Undergrad: 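Structure incoming, see below.
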Amino acid sequence: MNVAPNHPNEVMNSPAKPLRLAIVGCGTVAQVNYSRTLPRVAGIEVTLVSDLRTEAAEALASKMGARVATFEQILEQADAVIVATPPSSHFELVRRALERVPLVVCEKPFVPTVREARELVVVAERTGHRLLVGHFRRTFAALRMARELVQTGVMGRVTAIDIAEGGRFAWEAESGYVFKDPFGGVLFDTGSHSIDMALYVTLLDGQKIEPIVHQVVRDRAEPSHEIRAEVTLRTPSGEVDLLVRLSRYRALANRLHVTFERGSLDVSVGPRGNVRLNGPSGSTVLHAVDAHNDFDLAFIDQWYAMFGQTGADVPFRAERFVGLTAVIEAIAKTE
Amino acid sequence: MTLRIAIIGAAGYVGLELSASLKRAGHEVVGITRANGNFLLDRIGVPVESPAHPERVGRVDVVINLAYPNKGSNLTYGAQNEELARTIAILAGADARVIHTSTQAVFGFELDSPIVAGPVARRHDQVYVESKIELELLLQKVLAGRDLHIVRLGNVWGPASPTWTVALVDKILFGDPVGVVNRDGFCNATDVGNVASYIGFLAGLSERGDNTRFHHLAEFSELRWSFWVERVATALGFDPVYADSLPQAPAGFAAEIRGAVAASSPFAVAKGLYTSRTTGSYLRAIAKKLPSGPLTKLKTAKRGGAVVRGDRFAADREFLSIISSRTQFRSVLDVRWSPALDAEASWRRVETWMADVGYVTPAAGKL
């Protein structure tokens, strides 16, 4: 497979031989987001789709000019596969796909436990196949800019993270997993996004994380719809206090606030392009020049990074989400 | 008197406040909502029914419609409006009162059409405006001679109001403009608590009408936006930012087409034209009569080149023009009702929400 070395928007493969991509799980994210964006990415072609629900598979196949197939047929024929099924099925499907398919993308949330996350990373290493996780918010310009600011080290060490993300729930998941799947609650569904953004900005996503959970308040047993968690993250670079507030009932501040030794920053959990830096003598706002609020473009950026880049710094490599999995698992298991 | 009330759109921002308010007043409330709204209403003990089966609701005394088309292609909004009108008619049966919430935007986002507390004529405008006018006209036709109230709401303010409160707080937090220098516009706002109160008042009216009555609700319309901006900015501890001029949208065919074709992709051109005020209105009317094939192919055409970035200020333009409004949307209300929340009480609720939801960090007291 030929890939363009650097520029995410260059043609990745010979137009005569595009990457044959399959989709397993034809729910809302595939019907809405994938169908609109994958056709706009040069060098790939969605050839096969699969779902336990025949109607959903046929609908997606029709939208994308693909063929309905079984999972086994996909493993035989695809160059790459996206697993977009409900979270409780991710581990088994991804594990089987990694044995046979060179490139596997697991839709977020990755898998429910650290044990499973590590096992999948090991399978990928053993087979030489690539495993990526679809945390597309890592493409948001302001988030990338915030991470670059943290990399400069001028603010000092991270001491605390405060995440608040909530809104009246409007996502119409076809499978209903958000209400039925034990891993479909706001912690796994929304929290996987926002906690990942926090770890990504603060450079903790590449570090070993031991979460110590102090308190969790939730509206009901998982899948919960509102949760508040106080955690300490033990990392090689020190301890970081983490406060997580998530809700499907009401709007929260929808921002990530990071405190450093020498100031703090605020970045939106959405695609807003600004970062606010707060220091002892004042506050300023930086604007990312390549910011946009188009979710389709964010998905396209993600696809180009996934299918067009192979280096160690690809932000979607699965080993970078083991720490996130540890944090979420620890919160989920705390009564 | 206990009423049996069906609310279409009960899981929305206004819907949840209204449902809770009517329940507290002792009424029986049934929510008509799509499946993903069920758990929001479960939490406040409101039973739900799907909009696909209004006949299952049974007899009601009042039907309140808060819904409007906002999903899918805007070429389908006409069909969605007709479906909504049918649902309302089924729920209303032979004699239920109907209360339909509309918007001040039927007079244009910039309130540049004459404001009358009466029927408005169909005209070419932004798709949202056209759709709202169309639904008003449909309901007047379908429910002619019936007890119908159309309540046009001003800018709905209040804790967690997504379009106004959240937008304003976030713009101040992240340094985006919250107004235009030297243009402190009329806020034309109504607190969601007062919206619930007024609709509840109308639902409980003892006298029945046999024609459509129009109401305009914007009890804070006299206030300027600076009233809210200054309070939010003080609570956050950041100075608000203002634009030095109001971004202008292309007006009329020639300017809109020039603006749209400046984009470098067929998809962006189509999108730019379809969403423009004048050209878009005519194009949408034409497109509804075309087979879907050519338009679908245009939207999903593969492109091997660079991806087009949209204009990040397009959304700000609408916000800024509304927030700079030189036209006041005065309330036209039943004199027997008065708002429960004055402006200071409304602000205190917003301030409390800001503290509750993480705009103010627990340790620092301010961001």
Side-chain angles (χ1 to χ4, degrees), chain A residues 8-9 11 15 35-36 39-43 63-64 142 160 162-173 176 178-179 219 225 243 245 247-255 257 259 264 266-268 270 272-276 278 283-287 290-294 297 300-301 304, chain B residues 11-13 15-16 34-40 42-44 71 159-162 165-166 169-176 236-239 241 265 267-268 271 296 299-312 314-315 353-364 366-367:
Chain A
N9 292 333
V11 173
S35 69
R36 284 206 301 251
R40 293 166 64 184
V41 178
K63 278 182 190 170
M64 306 202 72
D162 179 352
I163 303 163
E165 180 166 0
R168 274 179 309 107
F169 190 69
W171 183 255
E172 295 184 43
V178 292
F179 306 116
D219 64 320
H225 301 309
L243 174 62
R245 286 174 279 190
S247 177
R248 285 177 171 160
Y249 296 122
R250 57 193 181 129
L252 301 186
N254 293 329
R255 60 105 179 96
H257 179 72
T259 306
S264 66
D266 294 283
V267 62
S268 171
R272 184 182 290 270
N274 299 348
V275 175
R276 182 176 280 280
N278 310 294
S283 176
T284 189
V285 173
L286 304 179
H287 178 69
D290 57 344
H292 61 77
N293 61 0
D294 187 328
L297 290 179
I300 290 171
D301 285 340
Y304 273 111
Chain B
Y13 177 64
L16 288 170
R34 289 182 286 247
N36 59 322
N38 287 5
F39 80 101
L40 294 167
D42 286 346
R43 195 187 192 208
I44 56 173
K71 289 207 182 298
S161 154
T165 317
V166 171
V169 175
D170 281 351
K171 284 180 187 295
I172 294 174
L173 171 56
F174 289 109
D176 281 333
L236 288 177
F238 300 129
D239 292 330
V241 171
S265 81
F267 175 72
K271 188 175 177 182
T296 304
K299 283 182 72 174
T300 60
K302 293 189 183 189
R303 303 194 324 274
V307 174
V308 174
R309 302 296 192 204
D311 177 1
R312 80 173 190 100
W353 165 76
M354 287 174 65
D356 281 347
V357 302
Y359 282 109
V360 178
T361 54
K366 288 246 192 292
L367 283 169

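Order of the sequence lines fixes the chain letters, A, B, ..., with proteins taken first and strands second; residue numbering starts at 1 for each chain. The model shown is predicted, which means the values in this text are computed figures rather than measured ones.
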Undergrad: Tell me, please, whether B/Y13 has A/R168 positioned over its six-membered ring: NZ or CZ under 6.0 Å from the ring centre and within 45 degrees of its axis?
TA: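 No.
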Undergrad: Measure distances from A/S268 to the heavy atoms of chain B and classify the residue's part below 4.5 Å as side chain, backbone, both or neither.
TA: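 The answer is both parts of A/S268.
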Undergrad: If you look at every heavy atom in B/F174 and A/V285, which pair is closest and at what distance?
TA: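 Looks like O-CG1, 3.2 Å.
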Undergrad: So which of B/V169, B/L16, B/D170 has the biggest tally of heavy-atom pairs under 4.5 Å with chain A?
TA: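 Winner by heavy-atom pair count: B/D170.
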Undergrad: State whether a side-chain donor-acceptor pair under 3.5 Å links B/D176 with A/N274.
TA: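 Per modelled atom types, B/D176 and A/N274 side chains form a pair under 3.5 Å.
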Undergrad: Tell me the closest heavy-atom pair linking B/W353 and A/A251, and the distance in Å.
TA: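 For B/W353 and A/A251, the tightest heavy-atom pair comes out as NE1-O, 3.1 Å.
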Undergrad: Go through it in stages, so that I can follow the logic: the residues are B/K171 and A/R272, the test is side chain to side chain contact (heavy atoms under 4.5 Å, CB included), and I'd like the CA-CA distance, side-chain angles, deciding distance and then a yes or no.
TA: CA-CA 10 Å; B/K171 284 180 187 295; A/R272 184 182 290 270; 4.1 Å; yes
Undergrad: Check whether any side-chain heavy atom of B/V357 sits under 4.5 Å from a side-chain heavy atom of A/R245, and report yes or no.
TA: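 Answer no - side chains too far apart.
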Undergrad: Using a 4.5 angstrom heavy-atom cutoff, name the option from B/A11, B/S161, B/G12 with the most pairs to chain A.
TA: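 Winner by heavy-atom pair count: B/G12.
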Undergrad: Where does B/P162 contact chain A at under 4.5 Å (heavy atoms): side chain, backbone, both or neither?
TA: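 Side chain only.
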Undergrad: Let's test your reading of the structure: which of A/V267, A/I163, A/L286 forms the most heavy-atom pairs below 4.5 Å with chain B?
TA: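 Between A/V267, A/I163, A/L286, the count favours A/V267.
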Undergrad: Can you check whether B/A160's main-chain N or O pairs, donor with acceptor, with A/R250's side chain at less than 3.5 Å?
TA: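 Flag not set: sc A/R250 to bb B/A160 has no pair under 3.5 Å.
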Undergrad: Output all residues satisfying side chain to side chain contact (heavy atoms under 4.5 Å, CB included) with A/D219, sequence neighbours left out; order by chain, then residue number.
TA: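 By the side chain to side chain contact (heavy atoms under 4.5 Å, CB included) rule, A/D219 matches A/S224, A/H225, A/E226, A/Y249.
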